[in-house]
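Okay, so here's the structure we're looking at.
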Amino acid sequence: MTSPKQHLTHVTLVVRDYDEAISYYTDKLNFDLIKDIDLGDDKRWVLVSPKNSECQLVLGKAVGPEQEAAIGNQTGGRVFMFLHTTDFWATYKQMQSKGVVFKEEPRDEPYGTVVVFEDLYGNLWDLLELK
């Protein structure tokens, strides 16, 4: 029996404010705003995505102290997301020019060129071009 094909479509990112998160991801990281639907009661269905990506981020506004505590630390200080690019240096320079905060200098690894950056809340990301 063949197993059904599976893939990730959405990953939730807990944010403080919908509009500031949309602005960061679309302006600084050049993501597309896929959907922004008002659901009432201060809730929205907000999806952003890197260009031509099948996986989308659900920007979920924190509700209550437990979720608010997770903003910027969804993985306990580990790298949370891995943003792949086909042109590391062009993407890196573009992000730098837009004020993205990098935590280190770019480095060459056996698997590719990589640098760690943080998003507007402090979540850590890898920008990566695979060899």
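Note that the structure is predicted; figures quoted are calculated from it, not measured. Atom set for the values below is all heavy atoms of this structure, side chains included, hydrogens, waters and symmetry mates excluded.
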Asp32 (side chain) donor-acceptor with Ile34 (main chain) under 3.5 angstrom: no
Donor-acceptor contact below 3.5 Å, side chain Tyr121 vs main chain Arg16: yes
Joint hydrophobic cluster, Val100 plus Val114, side-chain heavy atoms closer than 4.5 Å: no
Contact check, side chains of Thr9 and His7, non-hydrogen atoms, under 4.5 Å: yes
Pairs of donor and acceptor atoms involving the side chains of residues 88-95, under 3.5 Å and at least two apart or interchain, shall be tabulated with distances.
from  : atom 1 : to    : atom 2 : distance (Å)
Thr91 : OG1    : Thr85 : OG1    : 2.7
Thr91 : OG1    : Asp87 : O      : 3.0
Tyr92 : OH     : Gln96 : NE2    : 3.2

Value rounded to 0.5 Å, distance of CD in Glu129 from OH in Tyr111: 13.0 Å
Single-linkage hydrophobic cluster, 4.5 Å side-chain cutoff, Leu59 and Leu47 together: no
Val46 and Lys35, any side-chain heavy atoms less than 4.5 Å apart: no
Ionic contact status for Arg107 with Glu105, cut-off 4.0 Å: no
Close side-chain approach of Gln74 to Leu13, heavy-atom, < 4.5 Å: yes
Presence of salt bridge, Asp19 and Arg44, under 4.0 angstrom: yes
In one Ile/Leu/Val/Met/Phe/Trp/Tyr side-chain cluster, 4.5 Å: Trp45, Val48: no
ILVMFWY network linking Val11 to Phe117, side-chain heavy atoms under 4.5 angstrom: yes
Straight-line distance of Thr12 OG1 to His10 NE2, nearest 0.5 Å: 9.0 Å
Ring geometry between Phe31 and Tyr25 (parallel below 30°, tilted from 30 to 60°, perpendicular above 60°): tilted
Test item: side-chain donor near acceptor, Thr113 and Asp108, under 3.5 Å: yes
CG on Leu29 to CG on Leu83, rounded to 0.5 Å: 7.0 Å
Review item, side-chain donor-acceptor pairs of residues 60-73, under 3.5 Å, at least two apart:
from  : atom 1 : to    : atom 2 : distance (Å)
Lys61 : NZ     : Asp42 : OD2    : 2.7
Gln67 : OE1    : Val63 : N      : 2.8
Asn73 : OD1    : Gly76 : N      : 3.2
Asn73 : OD1    : Gly77 : N      : 2.8

Leu130 side, atom CG; Phe82 side, atom CZ - distance, nearest 0.5 Å: 11.0 Å
Interatomic distance, Ser23 atom OG to Lys28 atom NZ [nearest 0.5 angstrom]: 8.0 Å
Backbone N/O of Asn123 and side chain of Glu118: donor-acceptor pair under 3.5 Å: no
